[in-house]
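Hydrogens, waters and symmetry mates are skipped; everything else that's a heavy atom, side chains included, is used. When a ligand or atom number is given, it counts from 1 through the structure's own listing order.
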Amino acid sequence: MLPETRTAPLTTIAELGQHEGQAITLRCWLYNLRSSGKLLFPTFRDGTGTVQGIVPKAAVPEQVFETLKSLTLESSLTVTGRVRADVRAPSGFEIDVDDVNVGQRIPEETPYPIQLKEAGVDFLMEHRHLWLRTPRQSAILRVRATIMRAAAEYFDVHGYFRTDPPILTPNACEGTSELFEMDYFGDDKAYLTQSGQLYIEATAMALGKVYSFGPTFRAEKSKTRRHLTEFWMIEPEVTYMDLDGLMDLAEAFLTHIVSRVLETHRGDLKVIGKDVAKLEAVVAPSKFPRLTYDEAHAMLLDAHERGLLPAAHVYGDDFGSPDETYISSQFEKPVMVHRYPAAVKAFYMQPDPLDATKALCVDVLAPEGYGEIIGGSQRVDDYELLKSRIEEHDLPMAAFQWYLDLRKYGSVPHSGFGMGIERCVAWICGLEHVRETIPFPRTLNRIYP
Ligand code: 4AD
Ligand code: MG
(Lines give C-alpha, C1' and ligand atoms only; values in the text may rest on other atoms or scores of the structure.)
(Ligands and ions follow the chains in the order given, each with its own letter.)
Protein backbone atom coordinates (compact mmCIF):
# COMPACT_ATOMS: atom_id res chain seq x y z
CA MET A 1 0.00 0.00 0.00
CA LEU A 2 1.10 3.53 -0.67
CA PRO A 3 1.60 5.60 2.44
CA GLU A 4 -1.15 8.15 2.15
CA THR A 5 -1.97 11.25 4.03
CA ARG A 6 -5.15 11.96 2.22
CA THR A 7 -6.53 15.36 3.01
CA ALA A 8 -8.74 15.73 -0.05
CA PRO A 9 -11.21 13.34 -1.73
CA LEU A 10 -9.81 10.69 -4.01
CA THR A 11 -10.73 10.97 -7.67
CA THR A 12 -9.45 10.03 -11.14
CA ILE A 13 -8.08 12.12 -13.98
CA ALA A 14 -11.14 11.27 -16.10
CA GLU A 15 -13.40 12.74 -13.41
CA LEU A 16 -11.50 15.96 -12.70
CA GLY A 17 -14.33 17.90 -14.36
CA GLN A 18 -16.55 17.14 -11.38
CA HIS A 19 -14.06 18.80 -9.02
CA GLU A 20 -13.24 22.09 -10.67
CA GLY A 21 -11.84 24.53 -8.13
CA GLN A 22 -11.68 21.86 -5.44
CA ALA A 23 -8.87 20.02 -3.67
CA ILE A 24 -8.49 16.39 -4.74
CA THR A 25 -6.16 13.41 -4.40
CA LEU A 26 -4.94 11.29 -7.33
CA ARG A 27 -3.25 7.88 -7.14
CA CYS A 28 -0.92 7.98 -10.10
CA TRP A 29 2.46 7.59 -11.75
CA LEU A 30 4.87 10.24 -12.97
CA TYR A 31 4.58 10.15 -16.73
CA ASN A 32 6.75 13.15 -17.64
CA LEU A 33 8.55 16.02 -15.96
CA ARG A 34 9.59 19.39 -17.34
CA SER A 35 11.10 22.17 -15.35
CA SER A 36 12.09 25.77 -15.87
CA GLY A 37 14.05 26.90 -12.84
CA LYS A 38 11.55 27.71 -10.16
CA LEU A 39 8.63 25.97 -11.89
CA LEU A 40 7.98 22.24 -12.32
CA PHE A 41 5.50 20.77 -14.78
CA PRO A 42 5.02 17.11 -13.88
CA THR A 43 2.55 15.06 -15.97
CA PHE A 44 0.66 12.42 -14.04
CA ARG A 45 -1.14 9.37 -15.42
CA ASP A 46 -3.57 7.13 -13.56
CA GLY A 47 -5.00 4.78 -16.20
CA THR A 48 -7.96 7.02 -16.95
CA GLY A 49 -5.88 9.73 -18.63
CA THR A 50 -3.01 12.17 -18.11
CA VAL A 51 -2.95 15.62 -16.51
CA GLN A 52 -0.27 18.23 -16.04
CA GLY A 53 0.58 19.62 -12.63
CA ILE A 54 2.01 23.06 -11.89
CA VAL A 55 4.48 23.39 -9.01
CA PRO A 56 5.92 26.88 -8.37
CA LYS A 57 8.83 26.69 -5.93
CA ALA A 58 7.42 29.56 -3.91
CA ALA A 59 3.98 27.95 -3.50
CA VAL A 60 4.88 24.60 -1.95
CA PRO A 61 7.03 23.37 0.95
CA GLU A 62 10.69 22.97 -0.03
CA GLN A 63 10.52 19.20 0.49
CA VAL A 64 7.59 18.79 -1.96
CA PHE A 65 9.44 20.76 -4.65
CA GLU A 66 12.69 18.82 -4.16
CA THR A 67 10.92 15.42 -4.12
CA LEU A 68 9.18 16.10 -7.41
CA LYS A 69 12.17 17.76 -9.01
CA SER A 70 14.28 14.63 -8.65
CA LEU A 71 11.50 12.08 -9.13
CA THR A 72 12.16 9.46 -11.81
CA LEU A 73 9.66 8.65 -14.55
CA GLU A 74 7.04 5.96 -13.79
CA SER A 75 7.62 6.21 -10.04
CA SER A 76 4.29 5.76 -8.24
CA LEU A 77 2.85 8.49 -6.07
CA THR A 78 -0.25 10.15 -4.69
CA VAL A 79 -0.78 13.81 -5.41
CA THR A 80 -2.95 16.30 -3.61
CA GLY A 81 -3.81 19.54 -5.34
CA ARG A 82 -6.46 21.86 -6.64
CA VAL A 83 -8.23 21.35 -9.99
CA ARG A 84 -8.09 24.30 -12.34
CA ALA A 85 -9.80 24.48 -15.74
CA ASP A 86 -7.37 25.35 -18.52
CA VAL A 87 -8.56 25.45 -22.11
CA ARG A 88 -5.03 24.84 -23.43
CA ALA A 89 -4.66 21.57 -21.50
CA PRO A 90 -5.50 18.40 -23.51
CA SER A 91 -7.66 17.13 -20.63
CA GLY A 92 -9.14 20.59 -20.08
CA PHE A 93 -7.65 20.79 -16.57
CA GLU A 94 -4.43 21.29 -14.68
CA ILE A 95 -3.53 20.55 -11.07
CA ASP A 96 -2.00 23.12 -8.73
CA VAL A 97 -0.01 20.64 -6.66
CA ASP A 98 0.02 21.00 -2.85
CA ASP A 99 1.58 17.76 -1.71
CA VAL A 100 2.99 14.49 -3.01
CA ASN A 101 3.57 11.14 -1.40
CA VAL A 102 5.92 8.82 -3.24
CA GLY A 103 5.03 5.11 -3.23
CA GLN A 104 7.96 3.57 -5.08
CA ARG A 105 10.74 5.73 -6.41
CA ILE A 106 12.52 4.06 -9.34
CA PRO A 107 16.29 4.39 -8.75
CA GLU A 108 18.35 6.32 -11.34
CA GLU A 109 20.51 3.22 -11.89
CA THR A 110 17.55 1.14 -13.15
CA PRO A 111 15.39 3.63 -15.04
CA TYR A 112 12.07 2.77 -16.63
CA PRO A 113 13.17 1.18 -19.92
CA ILE A 114 10.72 2.98 -22.19
CA GLN A 115 11.78 6.55 -22.70
CA LEU A 116 9.45 9.11 -24.14
CA LYS A 117 11.47 9.41 -27.31
CA GLU A 118 10.49 7.02 -30.10
CA ALA A 119 11.60 3.43 -29.61
CA GLY A 120 11.52 0.77 -32.35
CA VAL A 121 8.53 -1.55 -32.64
CA ASP A 122 10.54 -4.65 -31.73
CA PHE A 123 11.78 -3.02 -28.56
CA LEU A 124 8.28 -1.88 -27.68
CA MET A 125 6.77 -5.31 -28.34
CA GLU A 126 9.47 -6.89 -26.17
CA HIS A 127 8.41 -4.46 -23.41
CA ARG A 128 4.70 -4.69 -24.08
CA HIS A 129 4.02 -5.04 -20.33
CA LEU A 130 5.44 -1.54 -19.84
CA TRP A 131 4.53 -0.05 -23.22
CA LEU A 132 0.85 -0.45 -22.21
CA ARG A 133 1.27 2.44 -19.78
CA THR A 134 1.90 5.06 -22.43
CA PRO A 135 -1.03 7.37 -23.24
CA ARG A 136 -1.73 6.10 -26.73
CA GLN A 137 -1.64 2.44 -25.72
CA SER A 138 -3.83 3.01 -22.67
CA ALA A 139 -6.29 4.99 -24.78
CA ILE A 140 -6.52 2.06 -27.23
CA LEU A 141 -7.21 -0.37 -24.39
CA ARG A 142 -9.95 1.85 -23.02
CA VAL A 143 -11.62 2.01 -26.43
CA ARG A 144 -11.22 -1.78 -26.76
CA ALA A 145 -12.98 -2.28 -23.42
CA THR A 146 -15.89 -0.13 -24.60
CA ILE A 147 -16.09 -1.98 -27.93
CA MET A 148 -16.27 -5.29 -26.06
CA ARG A 149 -18.90 -4.00 -23.66
CA ALA A 150 -20.99 -2.40 -26.42
CA ALA A 151 -20.81 -5.54 -28.55
CA ALA A 152 -22.11 -7.77 -25.75
CA GLU A 153 -24.60 -5.12 -24.68
CA TYR A 154 -26.17 -5.02 -28.13
CA PHE A 155 -27.09 -8.69 -27.91
CA ASP A 156 -27.95 -8.61 -24.20
CA VAL A 157 -30.55 -5.89 -24.68
CA HIS A 158 -32.00 -7.47 -27.82
CA GLY A 159 -33.04 -10.74 -26.25
CA TYR A 160 -30.01 -12.91 -27.06
CA PHE A 161 -28.71 -15.46 -24.58
CA ARG A 162 -24.97 -15.70 -24.17
CA THR A 163 -23.99 -19.36 -24.49
CA ASP A 164 -20.34 -20.27 -24.17
CA PRO A 165 -18.93 -22.83 -26.60
CA PRO A 166 -15.95 -25.01 -25.64
CA ILE A 167 -12.40 -23.92 -26.40
CA LEU A 168 -11.10 -27.49 -26.64
CA THR A 169 -12.81 -29.14 -29.59
CA PRO A 170 -12.57 -32.41 -31.51
CA ASN A 171 -13.18 -30.82 -34.93
CA ALA A 172 -12.37 -27.89 -37.21
CA CYS A 173 -14.81 -25.08 -37.97
CA GLU A 174 -12.88 -22.89 -40.39
CA GLY A 175 -10.68 -25.26 -42.42
CA THR A 176 -8.06 -27.69 -41.22
CA SER A 177 -4.88 -25.87 -42.24
CA GLU A 178 -4.89 -23.38 -39.36
CA LEU A 179 -5.59 -25.64 -36.39
CA PHE A 180 -3.65 -25.63 -33.16
CA GLU A 181 -3.49 -29.29 -32.27
CA MET A 182 -2.93 -30.77 -28.84
CA ASP A 183 -2.76 -34.16 -27.25
CA TYR A 184 -5.90 -35.00 -25.26
CA PHE A 185 -4.89 -37.65 -22.72
CA GLY A 186 -3.09 -39.86 -25.21
CA ASP A 187 -5.81 -41.39 -27.35
CA ASP A 188 -7.59 -38.38 -28.73
CA LYS A 189 -6.54 -35.22 -30.43
CA ALA A 190 -8.04 -31.91 -29.46
CA TYR A 191 -7.89 -28.57 -31.22
CA LEU A 192 -8.15 -25.03 -29.92
CA THR A 193 -11.38 -23.57 -31.26
CA GLN A 194 -11.31 -21.43 -34.41
CA SER A 195 -14.88 -20.23 -33.88
CA GLY A 196 -17.76 -21.08 -31.57
CA GLN A 197 -20.19 -21.21 -34.48
CA LEU A 198 -20.92 -24.92 -34.77
CA TYR A 199 -21.71 -25.13 -31.06
CA ILE A 200 -23.87 -22.05 -30.95
CA GLU A 201 -25.88 -23.42 -33.87
CA ALA A 202 -26.85 -26.09 -31.34
CA THR A 203 -27.63 -23.59 -28.56
CA ALA A 204 -29.61 -21.49 -31.06
CA MET A 205 -31.83 -24.53 -31.77
CA ALA A 206 -32.44 -24.64 -28.02
CA LEU A 207 -32.83 -20.92 -27.28
CA GLY A 208 -33.58 -19.12 -30.56
CA LYS A 209 -31.28 -16.11 -30.36
CA VAL A 210 -27.83 -16.69 -28.87
CA TYR A 211 -24.30 -15.36 -28.96
CA SER A 212 -20.86 -16.42 -27.89
CA PHE A 213 -17.92 -14.25 -26.96
CA GLY A 214 -14.50 -15.62 -26.31
CA PRO A 215 -10.97 -16.25 -27.47
CA THR A 216 -10.43 -18.12 -30.73
CA PHE A 217 -7.24 -19.52 -32.23
CA ARG A 218 -5.77 -19.88 -35.68
CA ALA A 219 -2.33 -21.16 -36.53
CA GLU A 220 -1.87 -18.41 -39.12
CA LYS A 221 1.46 -19.03 -40.76
CA SER A 222 1.50 -15.67 -42.49
CA LYS A 223 2.80 -12.42 -41.11
CA THR A 224 0.21 -9.80 -41.92
CA ARG A 225 -0.98 -6.70 -40.14
CA ARG A 226 -4.48 -8.19 -39.78
CA HIS A 227 -3.80 -11.65 -38.37
CA LEU A 228 -3.27 -12.82 -34.83
CA THR A 229 -3.00 -16.44 -33.73
CA GLU A 230 -5.22 -15.73 -30.70
CA PHE A 231 -8.06 -13.25 -31.00
CA TRP A 232 -11.48 -12.53 -29.54
CA MET A 233 -14.60 -13.19 -31.51
CA ILE A 234 -18.23 -12.31 -30.80
CA GLU A 235 -20.73 -14.43 -32.71
CA PRO A 236 -24.52 -14.22 -32.85
CA GLU A 237 -26.59 -17.13 -34.20
CA VAL A 238 -30.32 -16.79 -34.87
CA THR A 239 -32.99 -19.29 -35.90
CA TYR A 240 -35.40 -18.36 -38.70
CA MET A 241 -33.04 -15.58 -39.84
CA ASP A 242 -32.06 -15.32 -43.51
CA LEU A 243 -29.13 -13.51 -45.13
CA ASP A 244 -31.02 -10.21 -45.44
CA GLY A 245 -31.91 -10.35 -41.75
CA LEU A 246 -28.27 -11.08 -40.94
CA MET A 247 -27.09 -8.02 -42.88
CA ASP A 248 -29.63 -5.85 -41.03
CA LEU A 249 -28.31 -7.27 -37.76
CA ALA A 250 -24.65 -6.60 -38.65
CA GLU A 251 -25.53 -3.02 -39.57
CA ALA A 252 -27.43 -2.28 -36.35
CA PHE A 253 -24.71 -3.99 -34.28
CA LEU A 254 -21.82 -2.00 -35.77
CA THR A 255 -23.76 1.26 -35.56
CA HIS A 256 -24.36 0.63 -31.86
CA ILE A 257 -20.68 -0.04 -31.19
CA VAL A 258 -19.47 3.08 -33.01
CA SER A 259 -22.10 5.23 -31.27
CA ARG A 260 -20.98 4.01 -27.86
CA VAL A 261 -17.33 4.75 -28.66
CA LEU A 262 -18.23 8.26 -29.84
CA GLU A 263 -20.24 8.85 -26.65
CA THR A 264 -17.35 8.30 -24.28
CA HIS A 265 -13.99 8.26 -26.06
CA ARG A 266 -13.54 11.46 -28.04
CA GLY A 267 -10.58 12.39 -25.85
CA ASP A 268 -9.00 8.98 -26.30
CA LEU A 269 -9.55 9.04 -30.06
CA LYS A 270 -7.76 12.39 -30.17
CA VAL A 271 -4.79 10.95 -28.27
CA ILE A 272 -4.75 7.99 -30.69
CA GLY A 273 -4.99 10.35 -33.67
CA LYS A 274 -8.25 9.09 -35.18
CA ASP A 275 -10.39 11.49 -37.19
CA VAL A 276 -13.80 11.21 -35.47
CA ALA A 277 -15.56 12.63 -38.52
CA LYS A 278 -14.90 9.25 -40.17
CA LEU A 279 -16.78 7.52 -37.34
CA GLU A 280 -19.57 10.09 -37.32
CA ALA A 281 -20.15 9.25 -40.99
CA VAL A 282 -20.67 5.61 -39.99
CA VAL A 283 -23.49 6.37 -37.56
CA ALA A 284 -25.15 8.99 -39.79
CA PRO A 285 -28.69 7.92 -40.73
CA SER A 286 -28.27 6.11 -44.04
CA LYS A 287 -27.92 2.42 -44.82
CA PHE A 288 -24.63 0.58 -45.18
CA PRO A 289 -23.98 -0.18 -48.87
CA ARG A 290 -24.60 -3.78 -49.98
CA LEU A 291 -22.83 -5.22 -53.01
CA THR A 292 -22.95 -8.67 -54.49
CA TYR A 293 -19.64 -10.42 -55.14
CA ASP A 294 -20.33 -9.94 -58.87
CA GLU A 295 -20.80 -6.20 -58.43
CA ALA A 296 -17.64 -5.95 -56.34
CA HIS A 297 -15.75 -7.92 -59.00
CA ALA A 298 -16.95 -5.51 -61.73
CA MET A 299 -15.86 -2.58 -59.58
CA LEU A 300 -12.38 -4.08 -59.23
CA LEU A 301 -12.03 -4.74 -62.97
CA ASP A 302 -13.05 -1.18 -63.69
CA ALA A 303 -10.47 0.11 -61.17
CA HIS A 304 -7.81 -2.04 -62.83
CA GLU A 305 -8.68 -0.67 -66.25
CA ARG A 306 -8.35 2.84 -64.92
CA GLY A 307 -4.91 2.02 -63.51
CA LEU A 308 -6.05 2.19 -59.87
CA LEU A 309 -5.27 -1.44 -59.10
CA PRO A 310 -2.15 -3.23 -60.33
CA ALA A 311 -3.71 -6.69 -60.73
CA ALA A 312 -7.02 -7.59 -62.39
CA HIS A 313 -9.25 -9.54 -60.02
CA VAL A 314 -9.92 -13.06 -61.30
CA TYR A 315 -13.61 -13.97 -61.26
CA GLY A 316 -14.18 -16.79 -58.80
CA ASP A 317 -11.22 -15.94 -56.55
CA ASP A 318 -11.57 -14.54 -53.06
CA PHE A 319 -10.64 -10.86 -52.69
CA GLY A 320 -7.08 -10.02 -51.75
CA SER A 321 -6.15 -7.34 -49.31
CA PRO A 322 -5.62 -4.61 -51.99
CA ASP A 323 -9.03 -5.55 -53.47
CA GLU A 324 -10.77 -5.18 -50.10
CA THR A 325 -8.96 -1.90 -49.50
CA TYR A 326 -10.11 -0.56 -52.86
CA ILE A 327 -13.74 -1.63 -52.38
CA SER A 328 -13.98 -0.20 -48.86
CA SER A 329 -12.33 3.08 -49.86
CA GLN A 330 -15.25 3.76 -52.21
CA PHE A 331 -17.63 4.19 -49.26
CA GLU A 332 -17.80 6.12 -46.00
CA LYS A 333 -19.67 3.32 -44.27
CA PRO A 334 -18.80 -0.33 -43.78
CA VAL A 335 -19.67 -2.17 -47.00
CA MET A 336 -21.39 -5.56 -47.01
CA VAL A 337 -20.28 -7.84 -49.82
CA HIS A 338 -22.59 -10.83 -50.17
CA ARG A 339 -23.00 -14.00 -52.25
CA TYR A 340 -19.39 -15.06 -52.82
CA PRO A 341 -18.65 -18.14 -54.92
CA ALA A 342 -19.40 -21.14 -52.69
CA ALA A 343 -16.06 -22.68 -53.73
CA VAL A 344 -14.02 -20.10 -51.78
CA LYS A 345 -16.18 -20.25 -48.66
CA ALA A 346 -16.80 -22.62 -45.73
CA PHE A 347 -18.61 -25.96 -46.00
CA TYR A 348 -21.55 -24.95 -43.82
CA MET A 349 -22.84 -22.07 -45.97
CA GLN A 350 -26.29 -22.32 -47.58
CA PRO A 351 -26.24 -22.13 -51.39
CA ASP A 352 -28.17 -19.30 -53.04
CA PRO A 353 -31.43 -20.82 -54.39
CA LEU A 354 -31.14 -18.54 -57.45
CA ASP A 355 -27.56 -19.64 -58.25
CA ALA A 356 -26.21 -22.67 -56.41
CA THR A 357 -22.59 -21.72 -57.23
CA LYS A 358 -22.96 -18.79 -54.81
CA ALA A 359 -23.15 -18.94 -51.00
CA LEU A 360 -25.66 -16.95 -48.93
CA CYS A 361 -22.83 -15.28 -47.06
CA VAL A 362 -21.62 -11.78 -46.23
CA ASP A 363 -18.28 -10.19 -45.43
CA VAL A 364 -18.41 -6.74 -43.88
CA LEU A 365 -15.45 -4.61 -44.96
CA ALA A 366 -14.57 -1.70 -42.70
CA PRO A 367 -14.07 1.76 -44.24
CA GLU A 368 -10.62 3.27 -44.85
CA GLY A 369 -9.08 0.01 -45.99
CA TYR A 370 -9.25 -1.91 -42.71
CA GLY A 371 -10.52 -5.02 -44.45
CA GLU A 372 -12.92 -7.71 -43.29
CA ILE A 373 -14.24 -7.23 -39.77
CA ILE A 374 -17.26 -9.54 -39.95
CA GLY A 375 -17.81 -12.84 -41.75
CA GLY A 376 -21.14 -14.64 -41.66
CA SER A 377 -23.75 -16.63 -43.54
CA GLN A 378 -27.01 -18.46 -43.64
CA ARG A 379 -26.27 -22.12 -42.75
CA VAL A 380 -27.02 -25.27 -44.70
CA ASP A 381 -30.17 -26.64 -43.05
CA ASP A 382 -30.67 -29.77 -45.18
CA TYR A 383 -29.23 -33.00 -43.77
CA GLU A 384 -28.19 -34.62 -47.08
CA LEU A 385 -26.64 -31.46 -48.46
CA LEU A 386 -24.61 -30.87 -45.30
CA LYS A 387 -23.45 -34.48 -45.28
CA SER A 388 -22.21 -34.22 -48.86
CA ARG A 389 -20.47 -30.92 -48.05
CA ILE A 390 -18.60 -32.54 -45.18
CA GLU A 391 -17.52 -35.33 -47.55
CA GLU A 392 -16.45 -32.91 -50.30
CA HIS A 393 -14.35 -30.96 -47.81
CA ASP A 394 -12.71 -34.16 -46.59
CA LEU A 395 -13.76 -33.54 -43.01
CA PRO A 396 -13.98 -36.45 -40.53
CA MET A 397 -17.65 -37.45 -40.58
CA ALA A 398 -17.57 -39.00 -37.09
CA ALA A 399 -16.58 -35.70 -35.47
CA PHE A 400 -19.53 -33.99 -37.17
CA GLN A 401 -22.28 -36.45 -36.21
CA TRP A 402 -23.64 -34.18 -33.53
CA TYR A 403 -23.60 -31.24 -35.94
CA LEU A 404 -25.52 -33.28 -38.51
CA ASP A 405 -28.07 -34.15 -35.80
CA LEU A 406 -29.12 -30.50 -35.80
CA ARG A 407 -30.38 -31.08 -39.37
CA LYS A 408 -32.07 -34.32 -38.41
CA TYR A 409 -34.23 -33.18 -35.52
CA GLY A 410 -36.38 -30.20 -36.40
CA SER A 411 -34.04 -28.35 -38.74
CA VAL A 412 -34.86 -24.69 -39.45
CA PRO A 413 -33.20 -21.94 -41.49
CA HIS A 414 -30.67 -20.04 -39.38
CA SER A 415 -27.85 -17.54 -39.77
CA GLY A 416 -24.99 -16.01 -37.84
CA PHE A 417 -21.78 -14.08 -38.10
CA GLY A 418 -18.50 -13.57 -36.28
CA MET A 419 -16.73 -10.29 -35.60
CA GLY A 420 -13.08 -10.21 -34.63
CA ILE A 421 -12.71 -7.65 -31.83
CA GLU A 422 -9.13 -6.77 -32.80
CA ARG A 423 -10.05 -5.99 -36.42
CA CYS A 424 -12.84 -3.79 -35.12
CA VAL A 425 -10.49 -1.99 -32.70
CA ALA A 426 -7.92 -1.48 -35.49
CA TRP A 427 -10.58 0.13 -37.66
CA ILE A 428 -12.23 2.28 -34.98
CA CYS A 429 -8.89 3.50 -33.60
CA GLY A 430 -7.24 3.76 -37.03
CA LEU A 431 -4.32 1.44 -36.24
CA GLU A 432 -1.92 0.25 -38.88
CA HIS A 433 -1.44 -3.18 -37.24
CA VAL A 434 -3.59 -5.45 -35.05
CA ARG A 435 -0.68 -5.97 -32.64
CA GLU A 436 -1.68 -2.76 -30.81
CA THR A 437 -5.34 -3.77 -30.43
CA ILE A 438 -4.94 -6.42 -27.70
CA PRO A 439 -2.94 -6.19 -24.47
CA PHE A 440 -0.62 -9.11 -25.28
CA PRO A 441 -0.72 -10.00 -28.99
CA ARG A 442 0.08 -13.53 -30.13
CA THR A 443 1.50 -13.78 -33.63
CA LEU A 444 3.56 -16.17 -35.74
CA ASN A 445 6.81 -14.97 -34.19
CA ARG A 446 5.77 -13.60 -30.82
CA ILE A 447 4.56 -15.24 -27.62
CA TYR A 448 6.51 -13.04 -25.13
CA PRO A 449 5.71 -11.34 -22.82
O1 4AD B 1 -14.61 -15.01 -41.38
P2 4AD B 1 -14.30 -15.93 -40.23
O3 4AD B 1 -13.26 -16.96 -40.44
O4 4AD B 1 -15.70 -16.56 -39.84
C5 4AD B 1 -15.91 -17.51 -38.89
O6 4AD B 1 -15.08 -17.95 -38.12
C7 4AD B 1 -17.35 -17.89 -38.75
N8 4AD B 1 -17.41 -19.24 -38.17
C9 4AD B 1 -18.07 -16.87 -37.90
C10 4AD B 1 -19.54 -17.13 -37.82
O11 4AD B 1 -20.21 -17.14 -38.83
N12 4AD B 1 -20.05 -17.32 -36.62
O13 4AD B 1 -13.88 -15.06 -38.97
C14 4AD B 1 -14.75 -14.09 -38.43
C15 4AD B 1 -14.00 -12.82 -38.11
C16 4AD B 1 -13.32 -12.17 -39.31
O17 4AD B 1 -14.22 -11.38 -40.05
C18 4AD B 1 -12.26 -11.34 -38.61
O19 4AD B 1 -12.83 -10.16 -38.08
C20 4AD B 1 -11.86 -12.22 -37.46
O21 4AD B 1 -12.93 -13.09 -37.22
N22 4AD B 1 -10.63 -12.99 -37.73
C23 4AD B 1 -9.41 -12.67 -37.26
N24 4AD B 1 -9.00 -11.65 -36.49
C25 4AD B 1 -7.69 -11.60 -36.17
N26 4AD B 1 -6.78 -12.53 -36.55
C27 4AD B 1 -7.16 -13.58 -37.31
N28 4AD B 1 -6.27 -14.50 -37.65
C29 4AD B 1 -8.52 -13.67 -37.71
N30 4AD B 1 -9.24 -14.57 -38.43
C31 4AD B 1 -10.52 -14.13 -38.43
MG1 MG C 1 -13.93 -14.56 -43.25
As an exercise, identify every atom of ligand 1 less than 4.0 angstrom from a heavy atom of [X].
{"X": "Glu372", "value": "1 (O), 16 (C), 17 (O), 19 (O)"}
{"X": "Tyr348", "value": "7 (C), 8 (N)"}
{"X": "Arg379", "value": "10 (C), 11 (O), 12 (N)"}
{"X": "Glu235", "value": "8 (N), 9 (C), 10 (C), 12 (N)"}
{"X": "Gly375", "value": "1 (O), 9 (C), 10 (C), 11 (O), 17 (O)"}
{"X": "Met233", "value": "6 (O), 14 (C), 21 (O)"}
{"X": "Glu220", "value": "28 (N)"}

Is it the side chain, the backbone, both or neither of [X] that has a heavy atom closer than 4.0 Å to ligand 1?
{"X": "Ile200", "result": "neither"}
{"X": "Phe231", "result": "side chain"}
{"X": "Glu201", "result": "neither"}
{"X": "Arg226", "result": "backbone"}

Do [X] and ligand 1 have an N or O pair less than 3.5 Å apart?
{"X": "His227", "value": "no"}
{"X": "Ile373", "value": "yes"}
{"X": "Gly420", "value": "yes"}
{"X": "Leu228", "value": "yes"}

Distance from [atom] to nearest protein heavy atom, with residue and atom:
{"atom": "atom 15 (C) of ligand 1", "value": "Gly418 O, 3.6 Å"}
{"atom": "atom 7 (C) of ligand 1", "value": "Glu174 OE2, 3.3 Å"}
{"atom": "atom 18 (C) of ligand 1", "value": "Arg423 NH1, 3.5 Å"}

Using modelled atom types only, decide if a donor and an acceptor are shared between the side chain of [X] and the backbone of [Y] within a distance under 3.5 Å.
{"X": "His414", "Y": "Val412", "value": "yes"}
{"X": "Thr224", "Y": "Arg226", "value": "yes"}
{"X": "Asp46", "Y": "Ile13", "value": "yes"}
{"X": "Glu295", "Y": "Thr292", "value": "yes"}

| Considering only heavy atoms, which of Gln197, Arg218, Gln194 lies nearest to atom 3 (O) of ligand 1? |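 Considering heavy atoms of Gln197, Arg218, Gln194, the nearest to atom 3 (O) of ligand 1 sits in Arg218.
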| said: Tell me whether Arg34 forms a cation-pi arrangement with Phe41, defined as NZ or CZ under 6.0 Å from the six-membered ring centre and within 45 degrees of its axis. | reply: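 Yes; both conditions hold, so Arg34 lies above the ring face of Phe41.
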| said: For Phe253 and Phe417: C-alpha separation, side-chain torsions, deciding distance, then whether ring pair (Phe, Tyr, Trp, His ring centres under 6.0 Å) applies. | reply: CA-CA 11 Å; Phe253 171 70; Phe417 65 70; 5.6 Å; yes
Could you check whether [Y] and [X], counting side-chain N and O atoms only, form a donor-acceptor pair closer than 3.5 Å?
{"X": "Thr43", "Y": "Arg45", "answer": "no"}
{"X": "Glu237", "Y": "Gln197", "answer": "no"}
{"X": "Glu174", "Y": "Tyr348", "answer": "yes"}
{"X": "Thr11", "Y": "Gln18", "answer": "no"}
{"X": "Tyr315", "Y": "Asp294", "answer": "yes"}

| request: Give the atom name of whichever N/O/S atom in Glu372 sits closest to the Mg ion (ligand 2). | output: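 Closest N, O or S atom of Glu372 to the Mg ion (ligand 2): OE2.
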| Heavy-atom distance under 4.5 Å between the side chains of Ser75 and Arg105, does that happen here? |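 With C-beta onward as the side chain, the pair touches.
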